[in-house]
Amino acid sequence: MEKHTVIAIDGPAGSGKSTVAKLIAGRLNFVYIDTGAMYRALTLKAMREKIDLEDAAALTELARATKIDLAHDAGLKVFLDGEDVTGLIRTPELTNNVKHVAGVAGVRSEMVKLQQAIGRRRSSVLEGRDIGTVVFPDAQYKFYLDAHIEERTKRRHKELLESGMHVTLDAMKQDIETRDTSDIERKVGALKKAEDAVVVDTTHLTIDEVVEKLLSHIRP
Ligand code: DC
């Protein structure tokens with residue numbers, strides 16, 4: 001089998017992962033895989049079906065019975081059992097609920113299998129929390145992006161405002177801190193820097209500067 005290149009980008013919310021991963025995938029003609037969108041889509045289904053978010057067995061069952069696809073057509077689109085849910089998975093309510101779904105080992109093993117299958121088909125840029133540690137520990141390139149909490153809050157706040165949602169800066173900061181804690185303290189697939197990852201602090205860098213920095217490691 002032809003060996004494809006995998007670029008793993010991990011880091012907390014607002015570190016710039018998604019924007020940078022998308023641009024790098026575009027520059028290298030790789031597939032961009034937003035693994036957070038997959039956990040979000042499954043959370044949407046759990047909420048719609050009114051599944052108890054504390055019920056790990058029910059969430060695992062749900063993950064096994066759900067088809068999630070990512071399509072690249074004028075931007076990334078997320079499909080949940082064939083339905084385009086791209087515009088429905090970034091509400092603050094859903095964002096707060098993802099931690100329950102993403103904390104379930106059975107859910108994660110289903111998602112990881114799916115991510116590995118996509119990443120093995122073509123050269124890919126995957127971004128998430130556990131890509132370099134769990135999904136592709138043997139990825140050729142691993143990056144860990146981070147930024148100061150105040151800067152991450154500002155970025156996420158701006159994104160939400162641009163998509164027409166309103167939330168105060170304080171509420172946003174609290175939300176990100178809660179998410180950081182659950183991402184870091186989760187027993188499975190926790191947010192963690194892979195030992196061999198290149199760490200980039202994006203606090204004072206523009207998007208282009210981050211992209212160029214990462215590309216300089218990929219194409220030395
Ligand atoms: O990257 P994001 O903000 O869209 O991620 C949404 C949520 O999914 C976030 O709370 C952490 C979780 N997540 C995860 O547990 N593992 C991943 N590989 C990606 C995201």
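We count ligands from 1, going down the list as the structure has it; atoms in each ligand are counted the same way. It should be emphasised that the depicted structure is a prediction, and the values quoted were computed from it without experimental measurement. FYI, the numbering just counts along the sequence from 1.
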**Study point:** Glu177, CD: over 12 other non-hydrogen atoms inside 6.0 angstrom
**Key:** yes

Of all the heavy atoms in [X], does at least one lie under 4.0 Å from an atom in ligand 1?
X: Lys99; result: no
X: Met38; result: no
X: Arg186; result: yes
X: Arg156; result: yes

Provide, to 0.1 Å, the distance between [atom] and the closest protein heavy atom, together with that atom's residue and name.
atom: atom 11 (C) of ligand 1; answer: Asp183 OD1, 3.3 Å
atom: atom 6 (C) of ligand 1; answer: Arg40 NE, 3.6 Å
atom: atom 8 (O) of ligand 1; answer: Val98 CG1, 3.5 Å
atom: atom 19 (C) of ligand 1; answer: Thr35 OG1, 3.3 Å
atom: atom 1 (O) of ligand 1; answer: Arg129 NH1, 3.0 Å
atom: atom 20 (C) of ligand 1; answer: Gly36 CA, 3.5 Å

Using a 4.0 Å cutoff against the non-hydrogen atoms of [X], which atoms of ligand 1 qualify?
X: Tyr39; answer: 8 (O), 13 (N), 14 (C), 16 (N), 17 (C), 18 (N), 19 (C), 20 (C)
X: Arg90; answer: 4 (O)
X: Ala102; answer: 15 (O)

Check your understanding: Does one side chain, of Ser18 or Glu127, offer a donor that lies under 3.5 Å from an acceptor on the other?
Key -> yes

Study note, to complete from the structure: Within the 4.0 Å heavy-atom cut-off, what Arg108 brings close to ligand 1 is side chain

Exercise for review: For ligand 1, note which part of Val135 has a heavy atom under 4.0 Å away: side chain, backbone, both or neither.
Suggested key: neither

**Study point:** Minimum heavy-atom distance Leu59-Val104, with the two atoms named
**Key:** CD1-CG2, 3.8 Å

Under 3.5 Å: N/O of [X] near N/O of ligand 1:
X: Thr95; answer: no
X: Glu127; answer: no
X: Arg179; answer: yes

Less than 4.0 angstrom from a charged side-chain N to a carboxylate O is my criterion; do [X] and [Y] meet it?
X: Asp34; Y: Arg90; result: yes
X: Arg156; Y: Asp175; result: no
X: Asp146; Y: Lys193; result: no
X: Lys158; Y: Glu162; result: yes

Practice item. Could you point out which residue of Thr202, Thr203, Asp180 forms a side-chain contact (heavy atoms from CB on, under 4.5 Å) with Arg152? Key: Asp180

Do [X] side-chain atoms and [Y] backbone N/O form a donor-acceptor pair below 3.5 Å?
X: Glu151; Y: Ser15; value: no
X: Arg179; Y: Asn96; value: no
X: Asp81; Y: Lys67; value: yes

